[in-house]
Chemist: 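Here's a structure for you.
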Amino acid sequence: VTADGRAFMEGMRSGGVVPVVKHFPGLGGVSENTDDGPAHTLPWTTLEKVALPPFEAAIKAGAPALMMSNASVPGFTPLPASLSSNMVIGEVRGTLGFKGLIVTDSLSAGAIADPPLSLSVPQASVDALEAGDDMVLYGSTGTTSGDLTIAASTSDAIVAAVNSGHLRKSELVNAVAQVLGAKKVDLCTAPRGYWLTTARGNVYNLGNTGFYGSEAANSLPAPVVGMAATLDSRGYWLVTSRGNVYNFGDAVFHGSEAAKSL
């Protein structure tokens, strides 16, 4: 599994696709399909011997992204792994030292939506971000209006969690850095190019033009690989290739003519 997994991962990367190793900490021998309802993995002591080695090898080989499972882990956590801070922050970030993008499995799956948790996607999204996940995923309702409703409700729930103090804004900033960093791994290879994201969510690749921002931005210790405008479209966030995030406040973007005309 370790050899084949690494080979498949490298094949995807060489083809320009960001590979995601999953579902941590392993679903071999899981009690049920987590899409259909609550499920648990094999005992943690067993997973340590038979399930973790492929993940450890992938991380050492530079895996850019990892997906958590929605199964609970006997002997480690009664929560789905995707909602367990002990699993995400303690094990994945701490023990295994993974520094890449962490995504959830579908938060509309039965393991999350059915009893005993009975969590809605917005509720589960906040829990996942608090647990340390960077990106939340959920299944389509089948209609554009339904999907947009869930997206809006999820966004509102995240904002409310920040305003109430349950979720730190710095955690969201770190998550943004991870998302942009993962995209940079295979999608923005020009060392002096950068991605620009507008407040409307449009993404542009300004290629190999170099960053023409303020002097403060030009003096950053690593190339800029990601940029996102603030909601008022005056300030912006910058992400460097090292994963550092900088907030340039209310500074107007002084980009190239192509960027100004977006």
Chemist: Which atom names give the shortest non-hydrogen contact between Leu83 and Leu79, and what distance separates them?
Modeler: O-CD1, 3.7 Å

Chemist: Just jot down the salt bridge (charged side-chain N to carboxylate O under 4.0 Å, His left out) partners of Asp134, sequence neighbours excluded, or say none.
Modeler: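 Testing Asp134 for salt bridge (charged side-chain N to carboxylate O under 4.0 Å, His left out), a comparison that skips the adjacent residues, returns Arg93.
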
Chemist: What distance do Leu119 atom CG and Ser108 atom OG have between them, rounded to the nearest 0.5 Å?
Modeler: 12.0 Å

Chemist: What's the shortest heavy-atom distance between Pro80 and Ala111, and which atoms?
Modeler: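 Shortest heavy-atom separation between Pro80 and Ala111 comes out as CG-O, 4.3 Å.
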
Chemist: Look at the side chain of Ser72 and the backbone N and O of Thr41, then say whether any donor-acceptor pair between them is shorter than 3.5 Å.
Modeler: no

Chemist: Do side-chain atoms of Thr77 reach the backbone of Val73 as a donor and acceptor pair under 3.5 angstrom?
Modeler: no

Chemist: Considering non-hydrogen atoms only, spot the tightest contact between Ser82 and Asn70 and give its length.
Modeler: OG-OD1, 2.7 Å

Chemist: Closest heavy-atom contact between Glu10 and Ala61?
Modeler: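 Heavy-atom minimum between the residues: OE2-O, 3.8 Å.
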
Chemist: Please report the C-alpha distance between Asp147 and Ser140 in whole Å, then the side-chain angles of each, then the deciding distance to 0.1 Å, and finally whether the side chain to side chain donor-acceptor pair (under 3.5 Å) criterion is met.
Modeler: CA-CA 6 Å; Asp147 292 343; Ser140 172; 2.9 Å; yes

Chemist: Atom CD1 of Ile102 and atom CD of Gln178: how far apart are they, to the nearest 0.5 Å?
Modeler: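 Reported value, rounded in 0.5 Å steps: 7.5 Å.
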
Chemist: Which pair of non-hydrogen atoms, one from Gly37 and one from Asp114, has the smallest distance, and what is that distance?
Modeler: CA-OD2, 3.9 Å

Chemist: What do you reckon, is CD of Glu56 surrounded by more than 12 foreign heavy atoms closer than 6.0 Å?
Modeler: yes

Chemist: Return yes if a side-chain donor-acceptor contact under 3.5 Å exists between Asp105 and Ser69, otherwise no.
Modeler: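 No, no side-chain donor-acceptor contact under 3.5 Å.
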
Chemist: Keeping Thr149 on the side-chain end and Ser145 on the backbone end, is there a donor-acceptor pair under 3.5 Å?
Modeler: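 Yes: the side chain of Thr149 pairs with the backbone of Ser145.
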
Chemist: Apply ring-ring contact (aromatic ring centres under 6.0 Å, His included) to Tyr138 and list each qualifying residue two or more places apart in sequence or on a separate chain.
Modeler: none

Chemist: Could you measure the distance from the CD atom of Glu91 to the CG atom of Leu47? Nearest 0.5 Å is fine.
Modeler: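 Interatomic distance, Glu91 CD to Leu47 CG, rounded to 0.5 Å: 10.0 Å.
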
Chemist: Where do Pro64 and Arg13 come nearest, in terms of heavy atoms and distance?
Modeler: CD-NH1, 4.2 Å

